[in-house]
Amino acid sequence: MRVLLVEDHPPLAQAVMDALRRAGFSVDHAGTAAEAREIAQIADLALVILDLGLPDGDGLRLLPDLRREGQVPVIVLTARDQLADRLAGLDGGADDYVVKPVEMPELIARCRAVLRRPGDRSAMLLRVGPLSLDTVARHAHMGATPLKLGRRELGVLEQLMRSAGRVAPRAVLEEAIYTLDDAVTPNALDAAVSRLRRALEAAGCPLPIVTVRGIGWMLPREAAR
């Protein structure tokens with residue numbers, strides 16, 4: 001899942017991004033409201049973590065814009081701890097309001113809690129044949145056996161499972177697993193797919209990842225007979 005962190009304090013931003021990435025999320029970063037608006041317009045975001053004290057305006061003014069970009073859930077992360085501030089954030093459309101400082105495990109837990117809430121969002125538990133993927137906890141299994149996959153391999157697997165039986169184009173996979181700041185080499189996606197394919201084969205998965213040359217990859221809905 002792709003997260004946008006809107007935070008203008010570099011050390012805190014880096015700490016939050018590191019924690020999110022360790023938890024399996026892909027993270028884009030914006031240091032201003034203007035940058036956040038631009039990213040929200042072009043990226044398929046699952047969640048926004050929003051600071052309120054931004055150098056070019058109050059983060060609360062971003063909430064209506066973010067809501068227009070696909071109803072993406074928003075967690076406010078701010079030093080403003082007064083009741084009036086919390087009410088303004090929640091009444092303004094935030095899904096959660098977290099006061100700094102916060103322990104990173106708690107922030108990750110709050111992200112997962114918001115993403116588990118019902119609403120107009122993508123399926124959280126995916127199943128294709130013996131494969132299952134919890135898209136919030138970022139845990140994948142082949143039958144009862146857990147799969148040890150890196151963040152990018154999990155991102156590829158999620159997109160292949162969401163489009164099972166259809167080709168997932170290269171551009172869709174790249175959009176899902178790479179952020180705007182990632183340095184992507186020409187063969188980086190191919191390498192991620194290859195790592196995923198080896199992991200599935202090692203786990204005895206009967207579903208092959210099929211290469212459709214010049215277009216992308218496909219995960220069949222069921223094993224060939």
What's the separation between atom [atom1] in [X] and atom [atom2] in [Y], rounded to the nearest 0.5 Å?
X	Y	atom1	atom2	result
Arg197	Leu157	CZ	CG	12.5 Å
Leu125	Arg127	CG	CZ	4.5 Å
Arg152	Ile177	CZ	CD1	6.5 Å
Leu147	Thr145	CG	OG1	7.5 Å
Ile209	Leu160	CD1	CG	5.5 Å
Lys148	His139	NZ	NE2	12.5 Å

Quick one, [X] and [Y] - any side-chain contact, counting heavy atoms below 4.5 Å?
X	Y	result
Leu173	Trp217	yes
Val172	Gln159	yes
Leu47	Ile75	yes
Leu133	Leu154	yes
Glu158	Leu126	yes
Met17	Leu5	yes
Val16	Val27	no
Asp51	Val76	no

Under 3.5 Å, is there a donor-acceptor pair between the side chain of [X] and the main chain of [Y]?
X	Y	result
Asp8	Thr32	no
Glu174	Ala171	no
Glu35	Gly31	yes
Gln82	Ala84	no
Asp56	Ala34	yes
Arg138	Thr135	yes

Same hydrophobic cluster for [X] and [Y], using side-chain heavy-atom links shorter than 4.5 Å among ILVMFWY?
X	Y	result
Leu189	Val167	no
Leu54	Val99	yes
Leu87	Leu60	no
Leu107	Leu12	yes
Val210	Val128	no

Asp18 and Arg22: CA distance, side-chain angles, deciding distance, side chain to side chain contact (heavy atoms under 4.5 Å, CB included) verdict: CA-CA 6 Å; Asp18 289 345; Arg22 286 194 298 270; 3.6 Å; yes
If every non-hydrogen atom of [X] is compared with every non-hydrogen atom of [Y], which pair is closest and at what distance?
X	Y	result
Met142	Ala203	CE-O, 3.4 Å
Leu149	Ala199	CD2-CB, 3.5 Å
Pro73	Val114	CB-CG1, 3.6 Å
Ala168	Ser163	CB-OG, 3.5 Å
Pro146	Ala144	CD-O, 3.5 Å

Step by step, would you call Leu115 with Phe25 a side chain to side chain contact (heavy atoms under 4.5 Å, CB included)? CA-CA 12 Å; Leu115 289 167; Phe25 295 97; 3.8 Å; yes
Check this for me, if you would: do Asp58 and Arg80 make a salt bridge, where the nitrogen-to-carboxylate-oxygen distance has to be below 4.0 angstrom? yes
Should the pair Asp81-Lys100 be classified as a salt bridge under the 4.0 Å nitrogen-to-oxygen rule? no
Could you check Val48, Asp28, Ile49 and say which one makes a side-chain contact (heavy atoms from CB on, under 4.5 Å) with Val3? Ile49
State which residue, out of Leu77, Leu63, Leu4, fulfils the side-chain contact (heavy atoms from CB on, under 4.5 Å) condition with Leu50. Leu63
Please tell me whether Thr78 and Arg86 have a donor and an acceptor in their side chains that are separated by less than 3.5 angstrom. no
Take Leu62 and Val74 through the test side chain to side chain contact (heavy atoms under 4.5 Å, CB included) and record every step on the way to the result. CA-CA 10 Å; Leu62 266 179; Val74 178; over 6 Å; no
Neighbour count >12 (heavy atoms, 6.0 Å) for atom CZ, Arg221: no
